[in-house]
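Read the structure below first, then the notes.
Order of the sequence lines sets the chain letters (A, B, ...), proteins ahead of strands, with each chain counted from 1.
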2 protein chains.
Amino acid sequence: MQLNQATDYAFRAVLHLASLPAGAVVSARELAEAQAIPPRFVLKIMHALTRAGLVESRRGPAGGFGLARPAAEISLLDVIEALEGPVAIHRCLAEREACNKHCTSECPVHAALRGLQDGLVAGLRRATFASLVAKKP
Amino acid sequence: MQLNQATDYAFRAVLHLASLPAGAVVSARELAEAQAIPPRFVLKIMHALTRAGLVESRRGPAGGFGLARPAAEISLLDVIEALEGPVAIHRCLAEREACNKHCTSECPVHAALRGLQDGLVAGLRRATFASLVAKKP
DNA sequence: CTAAATCTATACTATTCCAGTATAGTACTG
DNA sequence: CAGTACTATACTGGAATAGTATAGATTTAG
């Protein structure tokens, strides 16, 4: 019931990029140092963010990473889904199939959890990095 | 970012007990059969619920398990905490110490996540088994 | 009083997932 | 064309998950 370490690193990395002047890029090494992310691991994380279309990369000397779209259009949910796939606080809310093996679709527990999950997801979607950067000291 | 299997079984077990006439008990074996829980595993789950004070047990022939208090006073949150400990959607919202190693307490991401977690926890606390049983078909 | 039923408590295990490392390869710049 | 930096994937040790197993304690019935 917890976001994993890679996702936490990704939050920090995207927040870092969102704090940059538009168009600027940061290399993996700089990112790793600035955000205390293991230097090899940061490559894997940025790879996931790039594939998800949240981040753009430039190769070669003076290459690095920058946001692929405005920080106002990148939410915590986007980053979580890039690293972990769809948010699901319960198995049965992820894979419908797995659920029906053991419990009916009328199960009131799952209905309640679905409502709570929807609220959580909506909140994660509402939290954009533009709004988060604005709150930074 | 997902409740585990044992917690799901526990939801079903408590829902089952909450559907019983007051004072009735169900044996582990019956519970396992009725709710499709592995028969040995159900013992472990009921053990956790008993230790948490949600369920009472009676030993010997005709023994079994029943709710330790009214279903209106047992929430989804109670069951989750009995099986998994405190709810935390993010490491840093669980162990304050671990957080400060890598990020300052001013981190806007964590502030946002804390707000969302509080909402989720409040919802889980509000969902009592009395209200869930009432919704059953 | 004893045997059977039932829970208690803990140890054990196989598999999967996590966090991180390693490396071979591709692209860009000067 | 040499060096820098990202791309993509394979690998690994350790922890967590999902169960299983078992020795023991308690209660009831006969």
Which of these, B:Ile80, B:Leu83, B:Leu132, sits in a side-chain contact (heavy atoms from CB on, under 4.5 Å) with B:Phe11?
-> B:Ile80

D:dA18 phosphate, OP1 or OP2, under 4.0 Å from A:Arg91 side-chain N/O | yes

Separation of atom CG in A:Leu3 from atom C1' in C:dA19, rounded to whole Å = 15 Å

Parallel, tilted or perpendicular, as decided by the 30° and 60° cut-offs, for the rings of A:Phe41 and A:Tyr9 = perpendicular

Among the candidates C:dC18, C:dT21, D:dT17, find the nucleotide nearest to the side-chain atoms of A:Pro38.
-> C:dT21

Can you check the A:His47 NE2 to C:dT21 C1' distance for me, whole Å?
-> 16 Å

How many Å lie between CZ on B:Arg59 and C1' on D:dT26, as a whole number?
-> 5 Å

Rounded to whole angstrom units, what separation is found between the CZ atom of B:Arg29 and the C1' atom of C:dA5?
-> 9 Å

When the distance from CD of B:Gln2 to C1' of D:dA16 is rounded to whole Å, what number comes out?
-> 14 Å

When you measure from the side chain of B:Phe41, which nucleotide among D:dT7, D:dT17, D:dG19 comes out closest?
-> D:dG19

Is any side-chain N or O of A:Ser27 closer than 4.0 Å to OP1 or OP2 of D:dT4?
-> no

Please figure out whether A:Pro61 or A:Ala6 has its closest DNA chain C nucleotide nearer the 5' end.
-> A:Ala6

Under 4.0 Å between a Lys/Arg side-chain N and an Asp/Glu carboxylate O for A:Asp8 and A:Arg12?
-> yes

For B:Arg40, all residues meeting salt bridge (charged side-chain N to carboxylate O under 4.0 Å, His left out), sequence neighbours excluded | none

Over 12 non-hydrogen atoms of neighbours within 6.0 angstrom of CZ in A:Arg29 | no

Side chain of B:Ser57 (C-beta onward), nearest among D:dT20, C:dC7, D:dC6 = C:dC7

What is the distance, rounded to the nearest whole Å, between atom NZ of A:Lys44 and atom C1' of C:dA19?
-> 7 Å

B:Tyr9 vs D:dG19: side-chain N/O to OP1/OP2 distance below 4.0 Å | yes

Nearest-Å distance, CG (A:Leu43) to P (C:dA19)?
-> 17 Å

Under 4.0 Å between a side-chain N/O of B:Arg58 and OP1 or OP2 of D:dT26, yes or no?
-> no

Take the protein atom CD of A:Glu56 and the nucleotide atom C1' of D:dT7, then report the distance between them rounded to whole Å.
-> 16 Å

